[in-house]
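Reading through the C-alpha cells given below for one structure.
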Protein chains: 2
Amino acid sequence: MADSKARTAAPVPTIRDVAELAGVATSTVSRALSNPGRVNHVTRERVEQAAAALNYVPSSQARGLSSGRTNAIALLVPDVTNPFYFDIIRGTQNQLKAAGYTQLLVDTEESAEMEADTLRKMQRTADGFILAASRLTDAQLVEAASSQAIVTINRSSSNAPTVMIDTPGAVVQALEHLSSLGHTRICYVGGPASSWSNAKRWKTFEDECRERGLTTSRVGPFTPKTTSGAAAADAAARTGATACIVFNDLLAIGMLQRLRERGIRVPEDMSIVGCDDIFGADFCNPPLTTMASPIEQAGRVAVSMLLAQLDPLHAGSSRRLAVMPTHLTVRGSTGPASPN
Amino acid sequence: MADSKARTAAPVPTIRDVAELAGVATSTVSRALSNPGRVNHVTRERVEQAAAALNYVPSSQARGLSSGRTNAIALLVPDVTNPFYFDIIRGTQNQLKAAGYTQLLVDTEESAEMEADTLRKMQRTADGFILAASRLTDAQLVEAASSQAIVTINRSSSNAPTVMIDTPGAVVQALEHLSSLGHTRICYVGGPASSWSNAKRWKTFEDECRERGLTTSRVGPFTPKTTSGAAAADAAARTGATACIVFNDLLAIGMLQRLRERGIRVPEDMSIVGCDDIFGADFCNPPLTTMASPIEQAGRVAVSMLLAQLDPLHAGSSRRLAVMPTHLTVRGSTGPASPN
DNA sequence: CAACTTTTGGCAAACGCTTGCCGCATGGAT
DNA sequence: ATCCATGCGGCAAGCGTTTGCCAAAAGTTG
C-alpha cells in the first residue's frame, strides 16, 4: 500500500468520509448514489450534497470487486492505425461514454493468438468485448463467446451477436458499375488470409462474376496497408484485368500510387474500386470509388447490442444480427474500360 | 454480487484456488507471481504450474484495490478521429503494452472542461495521464499535475514533464523554403484558439517573418478538420498571400480541395505547407508539403517519462522535457511564387 | 387499536488481492 | 555448542465498495 505517487498526499475521499459527513451509514451512501429509489429522497439529497462537498468519486476498482461489474468494455481491433477502425473506435467510444462505460482499446496486431490471449487476460477487466474484424478461428470464437459477453463486427458467428457490414451487397453494386462501364476482366485483390470478410467478399465476387460471364482473377493475400499497394498493383497489372476490386481502401490507395509510378493511368488503363470509404478515400488522386458504409454507426450498434446482452432484462430478447447497409460511392478511380 | 452474465457459470479461479493446488498460502502465491525473488525458486515453480493448470489470471481490480496501483494509464486526446493522434495512440499503446500497462483512451472533444472532468473522475482509475495537446488552462494544468502523475505532449508546463514536438523549428524551415521560392506574402492559417501549440506556431511565424521582412497575415481560428478547409481556403485567398502555413494537415488538405474547386492552382497560384505529416498527406492531390515529426515516437517517449515518474526509484531524476525533432518534407503543394 | 405490510437505514460479510509482521529453518561465524 | 543473520512462508489486516439480511419506523387496513 505504498504511496507511490508521493505528491501532496491528497487523501482521496472514500465512501466512509461521505457517510460520516452526511451522518449515515456507508451502505446508505452506496445506495443513494447507485440505487436511488432505495433511499428516502431527503436522505439522498443530503448524501449527494456531502459527496459533492468532498468531491467524492467512487472507486471503480472497489465497485468492480464487490459487484462483479467493471463498467468497462474492451474493443479489440486488428490494427489501430487502420483508418477503418478509427470510425468504429469513435462510434463505440461515443455510445459507451453515453452509457457510462469506459472503453478499453486493444490492438491485436492482426494476430488470432494475441486476440485470444487478450480475451483471456481481460476476462475480469471488462464486462464485455467487441471484436472488430476478428481473426479468431471459429472454434476459438465459440469458446470465447461461451464464457463472456461478445459482439463481433464483420465476422459472423452463431454464438455471438454480430454487426455485419453488407460488403457482399456492395460488391454486387461495384460489379454492376464496372460491368456497365464495359469491363469484362476483373481482378480481386485479396486481404489477409485470416480475414473472414475477405473470404466472404471473394466468394460473392466470384459467384457474381460467373453469373455475369465476367473473367475473374485473384491476387493476394496482401497485408491491408498502403505499403502493400505496390506489390498488389504489380500483381494485378500482370493479370491483364482492366479493373480491380480491392479488399480495402488502404490497399487501394497504395495501388493508386504504384500505378501512377508505373505510368498506368487510373481509370483509363485500370479502374480501381476500394472498400470502406476511409478517411483519405475522397482526397487521394484520383479520388477513390469505394464501397461505403456507416462504419461509425456500426460501432454504435455493436455497443447497443453488447449492452443489451449484459442487461439481465433484455439478455435473451436482444438482437443477434444487425446488417449495415452499404452503397457504392463512385469517384474518379473508375471509368470506361479501355478498348484494347 | 449478482452473476450478471449468467453463462456457463464459469468459476474464474482465484488466488485461493492456486494456493490450494500448490499447497501454499495465498500470500506465497501472490509473491511468487508478482515478486519473484521473495520466494524460493522451487516454490515459485510449483505455484506457476498450479496457476497455469488453472488458467489463473489475477484480478486487476483486486490487485489495484489493495496495492493502490491500477497498472493503467489514460491517454487524453482532443479528438480520436484526428489522424495526428492515431500515431500517438499507437506509440503509447505499444510502449504501455510492453510495460504491462493497459491504455485507457479518452476523447475529450476539444473541451477543457471535459478534460478536467476526466482527470478528476479517473484519478483512481489510472496511475497516470498523458495529455496530448491539452486544452487545459495553465491553472487547471498546475492543479491537476499537483495531485497526479501527468505527462503532456505538445503543451509546455512547468509542473508536468513534457514531450514537445519542435514545430517552431519546422516553421523556420518552412519559411526558409517558401522564402527561397520567392514568396514574400505569407498567411498563417490558425487552429483552435485554445491550442497552445497554435499560439506557439503563430508567434514563431510572426517573429521569423518580421526578421526576414516578409509580409504576414493571419486567418482563423479554424477547427482542425478537413471540413473547415473551405472557409480557411477562402479566407486565405482573400489575403492576397501566395503561400500559407497551415496549423495542421487536416485543415491543409481541406484547403487543397477547396482551392481546386475554386480553380486556384496549387502550387502555381498558392503554395500550402501543412503540419504533422499525417496519414494522407503523401497521397492527397497535390501531395502536401508538411512539417513532419516522429509522432509515434513522441507517444513512446511520453510513456517512458510517465512510467519513470511513477517509479519511486527514478521519480526525481527523470527527464522533464523531451523535444522531438522535426523536418520539412517537401512535396507537391509548394512551388515558386507566381510572378504577379 | 391490533395486526400487518412497506419503507428505510444499518450491520457486516463478502469481493480477490497485497503486504507488514512474525516465526521457523538453515547455515555460517565464533 | 551457541548465537546471529538470512531466507522463506504463513497469518491476518486491510483496500473501498456492494448487498443480503434484519430491525425499527411509518403507514394501512379492518
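No hydrogens, no waters, no symmetry mates; every other heavy atom, side chains included, goes into these values. Just so it is clear, the structure is predicted and the values come from calculations on it, not from any experiment.
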Verify the contact: side-chain N or O of A:Ser66 to OP1 or OP2 of C:dA14, cut-off strictly under 4.0 Å; return yes or no. no
Figure out the CG/C1' separation between B:Asn35 and D:dG7, and round it to whole Å. 13 Å
So A:Ala25, base contact, sugar-phosphate only, or nothing? Heavy-atom distance under 4.0 Å. sugar-phosphate
Which of B:Thr125, B:Thr118, B:Asp117 passes side chain to side chain donor-acceptor pair (under 3.5 Å) with B:Lys121? It is B:Asp117
Judged by each residue's nearest nucleotide on DNA chain D, which is more toward the 5′ side, A:Ile15 or A:Arg31? A:Ile15
Show the distances under 3.5 angstrom between N or O atoms of the protein and N or O atoms of nucleotides 24-27 of chain D.
none

Within the 4.0 Å heavy-atom criterion, would you say B:Val29 contacts the bases, only the backbone, or no part of the nucleic acid? nothing
Output yes when at least one side-chain N/O atom of B:Arg69 is less than 4.0 Å from OP1 or OP2 of C:dT19, else no. yes
Roughly, in whole Å, what's the span from CD in B:Gln61 to C1' in C:dC17? 11 Å
Tell me: CZ of B:Arg63 to C1' of C:dC17, nearest whole Å? 8 Å
Is there a donor and acceptor pair closer than 3.5 Å between the side chain of A:Arg38 and the base of C:dG9? yes
Just checking, is any N or O donor in the side chain of B:Asn55 or A:Arg120 under 3.5 Å from an acceptor N or O on the other one? yes
Length of the line joining A:Leu33:CG and D:dT18:C1', which is rounded to integer Å: 12 Å
Give one of base, sugar-phosphate or nothing for B:Ser27, where a contact means two heavy atoms less than 4.0 Å apart. base
Close approaches to DNA chain C from residues 39-51 of chain A, in residue order (heavy atom, under 4.0 Å): A:Val39, A:Asn40, A:Thr43
Please determine if B:Lys97 and A:Glu109 form a salt bridge, counting it only when a charged side-chain N lies under 4.0 Å from a carboxylate O. yes
Measure CZ/A:Arg16 against P/C:dG10 and give the value in whole Å, please. 15 Å
Exceeds 12 heavy-atom contacts within 6.0 angstrom, atom CD of B:Glu48: yes
With a non-hydrogen cut-off below 4.0 angstrom, is B:Ser59 in contact with a base, only sugar-phosphate, or nothing? sugar-phosphate
Nearest-Å distance for atom pair CG/C1', residues B:Leu65 and C:dT18: 11 Å
Going by distance alone, is a donor N or O of one side chain under 3.5 Å from an acceptor N or O of the other, for A:Thr152 and A:Ser134? no
Closest listed nucleotide, where the reference is the side chain of A:Thr14 and the choices are C:dC15, C:dT18, D:dG16: D:dG16
Within the structure shown, what part of the strands sits under 4.0 Å from B:Ser30 by heavy-atom distance: base, sugar-phosphate, or nothing? base
